[in-house]
Amino acid sequence: MKIITRGQFISKTLASFAGMAFFPNLLSAQQEGAKQTKPQKGPPLDVKLVQEFVGAAHKDFDKVKAMLLETPDLLNAVNNLGGWDWEDAIGAAGHVGIREEALFLLEQGARPTISVAAMLGNLEIVKAYIAAFPQMKDAVGPHKISLMRHAKAGDEHALHVVEYLKSIGAKE
């Protein structure tokens, strides 16, 4: 069995859905970024700052934007809650269903996940993940929240994802 890297998977997935609005310029931005030199690695972010940022992502989109403007490195910062429970801002927005925040974070370069795609109602992306990795139908995000619950957090935008997940026997 040939193992593909995360980058290869994302590139192939995005290429197969070239006209989709979910990741409008992500592929070209990644290719442009590959040509640029790597920025200098700075000191680690303060744990309390990361906790505050991820906490705000559950309920305060304005604070998320302000904190990100002040400290751009927070974008993909991950809060370790212990017991293999890791959460970033986009993960928080995904499981509480803050669509506008998730889209904003993706536009800023946040790492996309199947859970966020489910919440946003991007059925083609969810299907692509599951086609490549069938066990992903039972994937969990932060706090071990199921893919199904992420889709349900998307309300009317993700009803078709909920129906699809039900049809393939995804766990609640």
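Every value quoted in this text rests on a predicted model; they were computed, and no experiment measured them.
Lys65 NZ to Leu105 CG: the interatomic distance, rounded to the nearest 0.5 Å, is 10.5 Å. With rounding to the nearest 0.5 Å, the separation of CD1 in Ile114 from NZ in Lys137 is 11.5 Å. The structure places CD of Glu101 at 9.5 Å from CG of Asp62, a figure rounded to the nearest 0.5 Å. Leu75 CG to Met67 CE: the interatomic distance, rounded to the nearest 0.5 Å, is 12.5 Å. We find the OG1-CG distance between Thr113 and Leu106 to be 8.0 Å, quoted to the nearest 0.5 Å. If you take OG1 on Thr71 and CG on Leu49, they are separated by 5.0 Å, rounding to the nearest 0.5 Å.
The two residues Leu45 and Ala77 have their closest heavy-atom pair at CD1-CB, 3.8 Å. Across every non-hydrogen atom of Ala102 and Ala93, the tightest pair is N-CB, 4.0 Å. Of all heavy-atom pairs between Tyr164 and Val126, the closest is CE2-CG1, 4.2 Å. Closest approach of Asn80 and Gly82 over heavy atoms only: OD1-N, 2.8 Å. In terms of heavy atoms, Ala57 sits closest to Ile98 at O-CD1, 3.5 Å. Closest non-hydrogen pair, Leu147 versus Ser115, comes out as CD1-CA, 3.7 Å.
Applying the ring-ring contact (aromatic ring centres under 6.0 Å, His included) criterion to His143, with sequence neighbours excluded, gives His95. Taking the ring-ring contact (aromatic ring centres under 6.0 Å, His included) definition, one finds that Phe104 meets it with Phe61, sequence neighbours left out. Legend: residues meeting side chain to side chain contact (heavy atoms under 4.5 Å, CB included) with Ala151, ordered by chain and number and at least two apart, are Ala118, Val161, Val162, Leu165.
Residues Met148 and Leu123 share a hydrophobic cluster, clusters being chains of Ile/Leu/Val/Met/Phe/Trp/Tyr side chains in contact below 4.5 Å. By the rule that hydrophobic residues join a cluster once side-chain heavy atoms approach within less than 4.5 Å of another member, Val47 and Leu68 end up as members of separate clusters. Both Met136 and Ile168 are part of a single hydrophobic cluster, where members link through side-chain heavy atoms under 4.5 Å apart. Tracing side-chain contacts under 4.5 Å through hydrophobic residues (I, L, V, M, F, W, Y), one never reaches Ile145 starting from Val96; they form parts of separate clusters. Cluster annotation: Ile125 is connected to Phe133 through the hydrophobic network of ILVMFWY side chains, with a link wherever side-chain heavy atoms come within less than 4.5 Å.
Looking at Val116 and His150, their side chains never come closer than 4.5 Å, going by heavy atoms from C-beta outward. Considering only heavy atoms from C-beta on, Leu81 comes within 4.5 Å of Glu87 through its side chain. Residues Ser146 and Asp138 are not in side-chain contact: their nearest non-hydrogen atoms beyond the backbone lie 4.5 Å or more apart. The closest side-chain heavy-atom distance from Val64 to Phe53 is below 4.5 Å.
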- Full working for side chain to side chain contact (heavy atoms under 4.5 Å, CB included) between Val50 and Leu74: CA-CA 7 Å; Val50 173; Leu74 286 169; 4.1 Å; yes
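At least one donor-acceptor pair closer than 3.5 Å links the side chain of Arg99 to the backbone N or O of Leu120.
In Glu70, the CD atom is not crowded: 12 or fewer heavy atoms of neighbouring residues, nucleotides or ligands sit closer than 6.0 Å.
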